[in-house]
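What follows is a short report on a single structure.
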Amino acid sequence: MFSLGSWLPAWPGLAWGWALLDALLQGLVGACAVSVLCSLLKVYLYIQCLNDPARQELKAAIGAQRRALELLQVLVLTGVLALVGSRVAALVVLEFSLRAVSALLSLSKGTHSSQLLLLCQYSLGCGVSCGLSFLLEGAPHGTSNLALAAGLAGLLAVHARRLALHTCSLYELHSQQCYCGVCMLLLTAGHRIPRLLRKALVITFTVADLAAVSLINRDFLSTAEAVRFWTPLTICYTLLVIYMQEEQRPSAGGQAVYQTVLVRMGGLFILLLTVGRWTDILHVLLSLLGELWCLLRAGVLLEACRRQDFTQQGSS
């Protein structure tokens with residue numbers, strides 16, 4: 001594959017420019033992955049609210065979300081993911097993976113958390129960015145590969161957004177008239193969207209966790225140095241998981257979700273004050289902004305997920 005920088009002189013400034021371009025492309029792929037996740041969840045939650053007379057106000061709120069704000073979310077998240085270093089992104093991925101495993105183990109058998117799918121937005125972006133950084137490390141045509149990945153991710157995000165727009169605008173009519181293939185497919189198989197997303201996220205975070213451990217360990221020159229870092233990290237993450245066990249339940253309200261973000265990032269901030277670098281501190285603050293941005297944009301969907309999980313618990 002042709003590499004844009006393979007024939008250019010190896011100037012220091014030019015190398016920095018290519019590194020910045022790679023970071024932006026990785027951030028764009030991660031932001032597009034988050035956009036696809038939110039669009040598919042929006043489709044699923046809209047259909048569930050439509051079928052429940054008690055959630056008609058949520059259905060109207062989901063359908064009223066503006067497309068321009070969704071584009072702004074992708075742009076802002078791209079910038080945040082591009083600026084956050086691979087070290088902090090890897091720590092965010094590992095922390096969410098432990099939290100997700102703990103939350104899944106605490107659920108009743110046969111139940112699933114839709115809210116957990118939405119809470120992983122920023123961690124998913126970090127996971128995709130870490131995975132790309134690890135898989136393309138040292139690749140001779142890394143920039144071209146990232147550009148191709150960004151193009152494919154953007155295409156998926158556009159089509160997922162169009163699906164969400166079509167669902168919110170025409171699903172109610174088309175599902176009754178039975179003449180739209182897309183809406184008929186959603187009518188018969190729309191309930192499988194969360195299962196599809198869970199399988200995709202399991203694969204994504206499995207790769208991301210392996211990449212995260214590798215990216216963190218590459219900075220250590222000896223085993224003793226690695227132990228000095230991983231020991232307090234393990235203790236910190238274990239305490240965080242225990243502390244947030246109550247907040248991770250599907251019945252937790254919106255305020256508890258924001259408190260959880262502050263506690264998580266605060267714990268990571270204190271940890272990196274002792275074993276990290278000053279750039280890690282700045283990246284944690286950026287990660288806090290990224291988490292809050294994702295949650296603020298998904299406020300309506302979070303409430304819909306909370307009610308969906310509560311309904312599921314009541315029927316199980």
Side-chain angles (χ1 to χ4, degrees), residues 30-52 54-56 58-65 67 70 73-74 96 100 103-104 107-125 127-128 152-176 178 180-206 208 250 294-295 297-316:
C32 288
V34 174
S35 177
V36 171
L37 172 68
C38 291
S39 295
L40 293 180
L41 274 177
K42 185 176 181 180
V43 170
Y44 169 74
L45 292 172
Y46 182 86
I47 295 174
Q48 296 301 311
C49 291
L50 180 64
N51 297 330
D52 187 353
R55 290 186 283 174
Q56 295 304 301
L58 275 178
K59 182 207 73 173
I62 293 174
Q65 290 183 319
R67 297 180 62 187
E70 294 176 1
Q73 180 187 17
V74 172
F96 175 80
L104 292 175
L107 292 175
S108 302
K109 186 177 181 180
T111 61
H112 302 283
S113 173
S114 300
Q115 192 175 9
L116 188 61
L117 295 176
L118 201 58
L119 292 176
C120 77
Q121 290 179 79
Y122 182 73
S123 300
L124 173 62
V128 172
L152 293 175
L155 188 63
L156 286 174
V158 168
H159 282 288
R161 191 179 300 119
R162 287 179 179 176
L163 176 62
L165 180 63
H166 179 86
T167 302
C168 295
S169 302
L170 300 171
Y171 174 81
E172 186 172 4
L173 174 63
H174 287 177
S175 61
Q176 297 173 357
C178 299
C180 174
V182 173
C183 292
M184 291 305 300
L185 179 63
L186 291 175
L187 181 63
T188 57
H191 62 281
R192 299 179 183 175
I193 291 178
R195 184 186 306 173
L196 172 66
L197 291 176
R198 283 193 295 269
K199 291 181 179 179
L201 289 174
V202 166
I203 296 174
T204 302
F205 277 102
T206 299
C294 290
L295 293 178
R297 282 288 300 119
V300 176
L301 296 181
L302 275 172
E303 178 62 20
C305 283
R306 189 185 68 82
R307 294 197 190 182
Q308 176 68 22
D309 293 340
F310 184 77
T311 302
Q312 184 184 33
Q313 274 194 329
S315 61
S316 61

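Residues take their numbers from the sequence shown, with the count starting at 1.
Closest of all the heavy-atom pairs between Cys120 and Leu117 is SG-O, 3.1 Å. Considering every non-hydrogen atom in both Phe96 and Ser123, the closest pair reads CB-OG, 3.3 Å. Across all their heavy atoms, Val43 and Ala164 have their closest contact at CG2-CA, 3.5 Å.
For the atom pair Leu185 CG and Arg192 CZ, the distance stands at 9.5 Å (nearest 0.5 Å). One finds the CG atom of Leu118 at 9.0 Å from the SG atom of Cys294 (value rounded to the nearest 0.5 Å). In this structure, Leu50 CG and Glu172 CD are separated by 5.0 Å, a value rounded to the nearest 0.5 Å. Expressed to the nearest 0.5 Å, how far OG1 of Thr167 lies from NZ of Lys42 amounts to 9.5 Å. Of the inter-residue distances, the one linking Ile193 atom CD1 with Arg198 atom CZ reads 11.5 Å to the nearest 0.5 angstrom. Here His159 contributes atom NE2 and Ser39 contributes atom OG; the two are 12.5 Å apart, rounded to the nearest 0.5 Å.
Here the side chains of Thr204 and Lys199 are not in contact, with every heavy-atom distance at 4.5 Å or above. Side-chain atoms of Gln121 and Gln73, non-hydrogen and from C-beta on, do get closer than 4.5 Å to each other. Between Leu163 and Leu186 the shortest side-chain heavy-atom distance falls below 4.5 Å.
The only member of Val300, Leu302, Leu301 that meets side-chain contact (heavy atoms from CB on, under 4.5 Å) when paired with Leu45 is Leu301.
A donor-acceptor pair is defined here as one N or O able to donate and one able to accept, closer than 3.5 Å; such a pair exists between the side chain of Tyr46 and the backbone of Cys168. Although no hydrogens or angles enter the test, the distance criterion places no donor-acceptor pair under 3.5 Å between the side chain of Ser35 and the main chain of Ala31.
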Problem - Val182 and Tyr171: CA distance, side-chain angles, deciding distance, side-chain contact (heavy atoms from CB on, under 4.5 Å) verdict - result: CA-CA 9 Å; Val182 173; Tyr171 174 81; over 6 Å; no
Problem - From CA spacing to verdict: side-chain contact (heavy atoms from CB on, under 4.5 Å), Cys180, His166 - result: CA-CA 11 Å; Cys180 174; His166 179 86; 3.4 Å; yes
Practice task
Evaluate side-chain contact (heavy atoms from CB on, under 4.5 Å) for Tyr122 paired with Val34, printing each intermediate quantity in order.
Solution key: CA-CA 7 Å; Tyr122 182 73; Val34 174; over 6 Å; no
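Take Tyr44 and apply the ring-ring contact (aromatic ring centres under 6.0 Å, His included) test, not counting sequence neighbours, and it matches no residue.
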